[in-house]
Each structure stands twice: as C-alpha cells, then as structure tokens.
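Written out below as structure tokens is the structure these notes cover.
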Amino acid sequence: MTGWAHALETAWVVNDPMSRPDVDRFGEPAEITAALARASGPSLLAVQHPHRTPGAGGRSLTEMLPDARHMLDRLLSTSYRQVSDVVAVYEVAGRAIGVLCLIDPAAVGDQVRHSEQVYPDLVREHAARLTGLGRATSAAMLVPAGVGDQLSAAATEAVAGRPTSVSTVDGHRLWLIGPGTAQDELLAVVRKRPLLVADGNHRVAAARAAGVDLLALVTAGPQLHIGAIHRSIAGTGLTMGDLTAAWRRAGLTVHEVDNPEPPKDPGTVTVPGGLVVELPEPDGPLPWFDHGIVEDLLLADALGLDPEGPHVRVLPEGHDPGPDVDAIVQLAPVPLADVLAVHEQRRLMPRKSTYFTPKPRSGLLIAQV
C-alpha cells in the first residue's frame with residue numbers, strides 16, 4: 001500500500017478560529033452537557049454531541065445525527081471556505097509542527113499502530129458520528145516510530161516564506177499545501193516510517209471500523225509532552241476510610257498522608273485528602289503500567305466498580321473532575337521510553353494511559369471522509 005497517507009480531496013478551512021465554545025476543552029459527558037446548556041446557536045461542540053444539547057429530548061446520538069449534519073452544513077457554509085486536494089502543515093501552539101493528511105483505514109494495524117486498548121462503546125460512538133456526518137471534525141495525533149526527526153524539518157522547510165491560512169492568538173497556525181512537489185515530499189516523509197497513535201486511539205479504531213479515511217496530524221514534536229491521566233470515583237458515597245479499608249483488605253500497602261502530591265514516577269498512586277498507595281509489580285513483560293493495575297485491582301476487585309461504568313471517570317491532568325466526585329486516584333505520567341518500548345514489543349498499554357500535549361485543535365480544518 002504505497003499511498004496510505006494522502007491529501008484531503010475536499011476540506012473546509014475555518015474563517016474565524018475564535019468560534020465558541022472551544023470543543024477541545026471538554027472531555028467528560030457532564031462537562032459537555034453543561035457547556036452546551038450555556039451556549040446558544042450552532043457550534044462544533046453541538047455537532048459532535050447533538051444528543052447532549054438541550055433540545056435533544058432524550059434522543060440518542062444516532063437519532064440526532066441528521067440534525068447534527070444539517071447544523072454542520074450550515075456552519076460550513078457560513079464560517080468556512082472549501083478547499084481541494086490539500087495537505088496542511090500545522091504548527092501546534094508553537095511547540096510541535098507536523099502534517100495534517102488523510103490515512104487509509106486499511107493502514108491501521110501495519111503502517112499505523114495503536115498504542116492503547118480502547119473502550120468498545122466509545123469506538124462505536126465515534127464510528128456512528130463519522131458515518132453520520134460524513135466529515136472528520138477532529139484529528140488523531142500520530143508520531144513516527146524510531147529515531148530521528150525528518151518530519152519537523154520537512155514541514156518547516158515546506159512553509160518557509162508562505163503566508164498562513166489560519167492563525168490563532170495562542171499559536172496554532174495552518175498552511176495549505178496544494179498539489180505539487182512540496183505536497184509529494186511531505187507525504188513521502190509521512191509514509192517513511194510506521195506511525196504510533198499518540199492521541200486518538202478511539203478515533204483511529206472508529207475510522208477502521210467505519211471503513212473511512214482517518215484525519216490525522218502526523219508530528220514528531222519536537223516538544224511533545226506526556227502528562228498524567230487519572231481516574232476519579234464519582235457518585236458512590238465512598239469515604240476515605242472506605243477506600244483505605246478496601247484496599248488494605250486487597251493486600252495493598254496504604255499510607256495515610258496529609259495532602260500527598262501527585263506521583264512523579266510509576267509504582268504508587270495518591271488520593272488527595274490523603275492516601276498514598278503502593279502498587280504491586282505484576283507478572284509479565286516490562287514495562288508495566290499503573291493504569292491497568294488501578295482499574296483491575298483498586299477499582300474492580302477491591303471496590304467492585306466497573307472501570308467502564310458511570311462511577312469511574314477518566315481525568316486528564318488540569319481538567320475539572322466534574323460533579324459528585326468522591327475521590328481522585330492520581331497516577332504518574334507514563335515515560336516516553338515505556339511508550340516506545342511497548343510499541344516495539346507490539347503490545348498495547350491500558351486504555352487512557354497517556355495524555356499527549358499539545359493537541360491539535362478541532363475545527364480549524366474539517367475533512368470530507
């Protein structure tokens with residue numbers, strides 16, 4: 001498969017990058033619902049989550065997708081301009097530069113490799129949204145495997161002296177590259193190595209499941225950062241005493257500490273308010289990951305909570321934990337060396353283990369798929 005990374009045949013570039021609400025600020029359903037309740041008029045957030053808008057009336061995502069597609073058509077006709085046969089060089093917040101392009105879904109598994117396990121229900125939701133809208137409104141972030149960084153240099157060289165097509169006040173910039181030598185060379189560099197999914201494992205799996213092209217930002221940084229991604233326990237009524245007793249019954253070493261800091265290194269987790277829990281080292285190949293131990297042992301076995309259920313939430317660092325939170329289990333960020341080692345072993349990390357930043361912003365470029 002020689003052309004598995006290719007140009008966007010039809011796409012739309014935003015005229016006003018300051019449109020609100022900012023879809024990328026929200027992760028949990030409660031955050032999205034609250035933001036949509038405060039908003040008025042059509043927005044990309046409402047397009048992506050039409051079943052959480054005030055007017056949904058309990059209808060499902062599938063039932064609301066025709067309305068969402070109509071809203072997206074209106075947004076594209078009023079706030080975007082259409083372009084054809086382009087790739088985009090994207091500078092993300094002044095810290096990373098890469099190439100926005102489309103990836104053939106058949107490339108997933110060989111040229112494009114997952115880094116984490118996924119939630120099947122979330123994959124189905126993303127796939128329904130892709131097929132219902134017929135457009136990709138947000139990009140996965142892929143990084144080249146191996147050493148060396150030809151990609152950043154090639155992207156920087158391709159846009160030297162070119163005017164930007166989109167520029168935001170916080171350092172997101174897009175340059176459109178049409179057919180020709182520059183586009184061909186950028187795509188050749190993108191296809192030079194297998195790509196690892198840094199952000200968007202569910203979007204990648206959804207594109208494969210739906211059989212549609214994946215919109216992706218392929219970047220090597222150079223200033224990519226892996227932040228922590230925690231788990232919160234919500235709506236259970238569990239107290240710190242309950243957690244301490246349950247985890248000790250499960251054989252874990254639990255220290256009661258005033259105001260423990262989030263862990264910097266794998267092997268322990270902390271709970272604000274104040275617990276430090278030592279994690280056992282599991283059997284199996286190295287590296288091992290705290291997130292799987294937390295979900296399987298601390299949450300499922302010790303507390304009887306389904307890690308995919310309503311009482312467990314994924315919490316990236318810096319995000320609002322949301323309402324009804326009983327406790328936050330803080331985990332250390334995964335070292336990049338461990339991510340690359342697991343990739344080389346063709347293994348998968350536990351789902352929602354890594355929080356790569358800076359992230360590409362949704363809605364600057366929308367692709368037909």
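Predicted, not measured: the structure shown is a model, and the values here were computed from it. Residue numbers run from 1 in the order of the sequence given.
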Q) Does Thr219 reach the main-chain N or O of Ile97 with its side chain, forming a donor-acceptor pair under 3.5 Å? A) yes
Q: Side-chain contact test, heavy atoms from C-beta onward, threshold under 4.5 Å: evaluate it for Val86 versus Ile177 and give yes or no.
A: no
Q) Does any N or O in the side chain of Asp265 come within less than 3.5 Å of the main-chain N or O of Ala332, such that one atom is a donor and the other an acceptor? A) no
(Q) Check this for me: Glu317, atom CD, are more than 12 non-hydrogen atoms of other residues, nucleotides or ligands nearer than 6.0 Å? (A) yes
Q | Residues which pass side-chain contact (heavy atoms from CB on, under 4.5 Å) with Leu303, listed by chain and number, not counting sequence neighbours | A | Ile233, Leu238, Leu243, Ala246, Trp247, Leu299, Leu305
Q) Which residues pass the salt bridge (charged side-chain N to carboxylate O under 4.0 Å, His left out) test with Asp170, sequence neighbours left out? A) Arg361
**Q.** Backbone of Val108 reached by a side-chain donor or acceptor of Arg208 within 3.5 Å
**A.** yes
Q: Could you pull out the closest heavy-atom pair between Gly267 and Asp290, with the gap in Å?
A: N-OD2, 2.9 Å
Q: Without swapping roles, check the side chain of Thr354 against the backbone of Phe356 for a donor-acceptor pair under 3.5 Å.
A: no
Q: Would you give the length of the straight line joining atom CD of Gln223 to atom OG1 of Thr357, rounded to the nearest 0.5 angstrom?
A: 10.5 Å
Q: With side chain to side chain contact (heavy atoms under 4.5 Å, CB included) as the test, would you mind laying out the steps for Trp4 and Ile103 before giving the verdict?
A: CA-CA 6 Å; Trp4 54 270; Ile103 304 292; 4.0 Å; yes
Q | Check: Thr270/Gln330 side-chain N/O donor and acceptor closer than 3.5 Å | A | yes
Q. Counting N and O atoms only, with roles assigned by atom type, does the side chain of Ser79 sit under 3.5 Å from a partner on the main chain of Leu76, one being a donor and the other an acceptor?
A. no
**Q.** Side-chain donor/acceptor of Arg113 to backbone N/O of Asp110, under 3.5 Å
**A.** yes
Q. Just by distance, do the side chain of Arg248 and the backbone of Val254 share a donor-acceptor pair under 3.5 Å?
A. yes
Q: Report yes or no: is the cationic atom of Arg81 (NZ for Lys, CZ for Arg) under 6.0 Å from the centre of the six-membered ring of Trp12, at an angle within 45° of the ring normal?
A: no
(Q) Side chains of Thr137 and Gln48: any donor to acceptor distance under 3.5 Å? (A) yes
Q) Closest approach of Leu8 and Ala367, non-hydrogen atoms and distance? A) CD2-CB, 3.6 Å
(Q) When you compare the side chain of Gln150 with that of Lys192, does any pair of heavy atoms fall below 4.5 Å? (A) yes
Q) Any chance the side chains of His230 and Tyr355 put a donor and an acceptor closer than 3.5 Å? A) no
Q) Would you say Glu157 has more than 12 foreign heavy atoms packed within less than 6.0 Å of its CD? A) no
Q) Under 4.5 Å between any side-chain heavy atoms of Arg69 and Val47, yes or no? A) no
(Q) For His202, give me all partners under ring-ring contact (aromatic ring centres under 6.0 Å, His included), at least two apart in sequence or on another chain. (A) Tyr119
Q | ILVMFWY cluster membership beyond Val123 - transitive side-chain contacts under 4.5 angstrom | A | Val118
Q: With sequence neighbours left out, write down each residue that passes ring-ring contact (aromatic ring centres under 6.0 Å, His included) with His51, or none if nothing qualifies.
A: none
(Q) Can you see whether Asp326 engages Thr236 through a side-chain donor-acceptor pair at a distance of less than 3.5 angstrom? (A) yes
Q | Student check: side-chain heavy atoms of Leu100 and Leu174 closer than 4.5 Å | A | yes
Q) Quick one: side chain to side chain donor-acceptor pair (under 3.5 Å) pairs with a partner in residues 335-348, sequence neighbours left out? A) Gln345-Arg347
Q) Between Ala5 and Leu187, which heavy-atom pair has the shortest distance, and what is it? A) O-CD2, 3.9 Å
Q) Are Arg249 and Asp301 ion-paired here, with the side-chain N under 4.0 Å from a carboxylate O? A) no
Q) Going only through I, L, V, M, F, W and Y residues with side-chain contacts under 4.5 Å, is there a path from Val329 to Val325? A) no
Q.
Minimum heavy-atom separation for Arg162 and Ala182, please, with both atom names.
A. NH2-CB, 3.8 Å
(Q) Determine whether a donor-acceptor pair (N or O, by modelled atom type, separation under 3.5 Å) exists between the side chain of Ser43 and the backbone of Ala46. (A) yes
Q. Under 4.5 Å between any side-chain heavy atoms of Met240 and Leu275, yes or no?
A. yes
Q. Same cluster for Val276 and Leu252 if Ile/Leu/Val/Met/Phe/Trp/Tyr side chains link at under 4.5 Å?
A. no
**Q.** Distance, nearest 0.5 Å, that separates CG of Leu196 from NE2 of His114
**A.** 10.5 Å
**Q.** Residue pair Thr181 / Asp184, side-chain donor-acceptor N/O under 3.5 Å
**A.** no
Q. How close do Leu364 and Val166 get, heavy atom to heavy atom, and via which atoms?
A. CD2-CG1, 4.2 Å
Q) Side chains of His291 and Glu116: donor-acceptor distance under 3.5 Å anywhere? A) no
Q | Rounded distance (nearest 0.5 Å) linking atom NE2 of His6 with atom CD of Gln183 | A | 11.0 Å
Q) What is the distance from atom OG1 of Thr33 to atom CZ of Arg38, rounded to the nearest 0.5 Å? A) 10.5 Å
Q) Under a single-linkage definition using a 4.5 Å side-chain heavy-atom cutoff for Ile, Leu, Val, Met, Phe, Trp and Tyr, are Val83 and Ile366 assigned to the same hydrophobic cluster? A) yes
Q. Which distance, rounded to the nearest 0.5 Å, do you find between the CD of Gln368 and the CG of Leu215?
A. 12.5 Å
Q: Please examine the side chains of Glu295 and Arg231, heavy atoms only from C-beta on, and report whether any two atoms are closer than 4.5 Å.
A: yes
Q. Can you name the closest pair of heavy atoms from Cys101 and Val218 and give their distance?
A. SG-CG2, 4.3 Å
(Q) Quick check against the 3.5 Å criterion: does Ser353 have a side-chain atom that pairs as donor or acceptor with the backbone of Pro350? (A) yes
Q.
If we ignore hydrogens and angles and just use 3.5 Å, is the side chain of Tyr80 paired with the main-chain N or O of Ala11 as donor and acceptor?
A. no
Q: With the side chain counted from C-beta on, respond yes when Val294 and Val269 share a heavy-atom pair under 4.5 Å apart, and no when they do not.
A: yes
Q | Student check: side-chain heavy atoms of Val212 and Pro105 closer than 4.5 Å | A | no
Q) How many angstroms lie between CG in Leu365 and OG in Ser165, if you round to the nearest 0.5 Å? A) 9.5 Å
